[in-house]
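Scroll down for the structure; my scribbles are underneath it.
For reference, positions follow the sequence shown, starting with 1.
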Amino acid sequence: MTQPVSLPRDSSTDKVPQAQPPAWRGLMARADVRTLSLLGVLAALVLIGGITKPDEFLDTRNLQLVLTQASVIGVVTVGMTFVIVSGGIDLSVGAIVALASVWATTVATQEYGFAGILFTAVVVGVGCGLVNGVLIAYGAMVPFIATLAMLASARGLALQITDGKTQIVTVPSVLDLGERDAYVLGIPPLVLVFAVVTVIGWLVLNRTTFGRRTVAVGGNPEAARLAGIDVRRQRLYLYLLSGLCCGIAAFLLIVLSGSGQNTNGNLYELDAIAAAIIGGTLLTGGRGTITGSVLGVLIFTTITNIFALNNLQSDVQQIAKGAIIVAAVLVQRRTASTT
């Protein structure tokens, strides 16, 4: 009986293959680099402000003003980030803020006091988001067209309600939130609301099934559908979320300005989209960070403040913002091409 012949072993084939690092580590590394880059830009802007107008820019009241102004558009940007991550867009956020603010400051609404104003602003925002979500998710309308129609309709309705006039808030409990006496450890209440919304948004996007579904829908809707995700319902929820953020922002704007105007929220949609883009959110969907979007808001708000303190023309400010947006998109494309 023949014995089996043992072949000589090739030591080169006995090497244990090295474990490849998980893909999420690469994503986290890129996210960290992006966040550090944004923090570097923000620090550079603070340095510029401190050099050009040290007494005015670094004054505590001015820094509080920057954070307060960032709070309103920041809450809108949180909702916008979710929508863009899902592969959608919402051009109506500014108009929804305007409509919610004027509806919540009518004489009839103010008779119900603080709760009436807050409730109305939130309900109007959610209602507009519901219309957007139904048209897009179940009406199969392109998000650009559906939200553009909402933009025109909401602006028109806001103008009709106010008749082009400013509606002054007379409810003391609402106005008191904008006073310095209401600050908590030197932090304005509006900033605290913005911080809470940011933390909740970060947790929802990064630590919940809802956030994972949002990313999946934005990355590949068909694959998400085959995986058992109700894509239409998810998109409806996202536009409801965007509307909710607009309602909250409208209330913050009422507190900040003490009035409701049909011109409120002008160009908020562009500022929110721009902040999300420079924060690392892909316009094609599938990727985005709340942290990056918030840093984008702070960068734009700081630029506006520096330009105002130095009495520079607003057109130069818009050119600077445009240049930042273009640079952010180019960086995104280069990052995407290397992955």
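- With hydrogens and angles left out, the side-chain atoms of Thr162 and Gln261 include no donor and acceptor closer than 3.5 Å.
- Asn305 is not listed as a side-chain neighbour of Thr301, based on a closest heavy-atom distance of 4.5 Å or more.
- A donor-acceptor contact shorter than 3.5 Å is absent between the side chain of Gln234 and the backbone of Val217.
- The shortest distance between side-chain heavy atoms of Val124 and Phe119 does not fall below 4.5 Å.
- Under the 30°/60° scheme for interplanar angles, the aromatic rings of Phe210 and Phe82 are found to be tilted.
- Between the CZ atom in Arg213 and the OG atom in Ser86 there is a gap of 14.5 Å [rounded to 0.5 Å].
- Note that CG of Leu205 and OG of Ser293 are 9.0 Å apart. Values are rounded to the nearest 0.5 Å.
- Within the 3.5 Å criterion, the main-chain N or O of Val85 finds no donor-acceptor partner in the side chain of Arg287.
- In this structure, Asn220 contributes its side chain and Glu222 its backbone to a donor-acceptor pair below 3.5 Å.
- A heavy-atom distance below 4.5 Å is found between the side chains of Val75 and Leu252.
- Here the side chain of Gln64 pairs a donor or acceptor atom with the backbone of Gly186 at under 3.5 angstrom.
- To the nearest 0.5 Å, atom CG of residue Asn206 and atom CD1 of residue Ile290 are 7.5 Å apart.
- Residues Thr120 and Thr106 are not in side-chain contact: their nearest non-hydrogen atoms beyond the backbone lie 4.5 Å or more apart.
- No continuous path of hydrophobic side-chain contacts links Val102 to Leu175 [ILVMFWY only; heavy atoms under 4.5 Å].
- Atom CG of Leu295 and atom CG of Leu42 lie 6.5 Å apart (nearest 0.5 Å).
- Counting heavy atoms from C-beta outward, Phe300 and Asp271 have side chains that stay 4.5 Å or more apart.
- Looking at Tyr112 and Ile117, their side chains never come closer than 4.5 Å, going by heavy atoms from C-beta outward.
- Side-chain contact between Leu236 and Tyr138 is present, with at least one heavy-atom pair separated by less than 4.5 Å.
- Side-chain contact annotation: Ser242 with Asn132, donor-acceptor N/O pair under 3.5 Å absent.
- Within the 4.5 Å cutoff, side-chain heavy atoms of Asn62 are placed close to those of Leu309.
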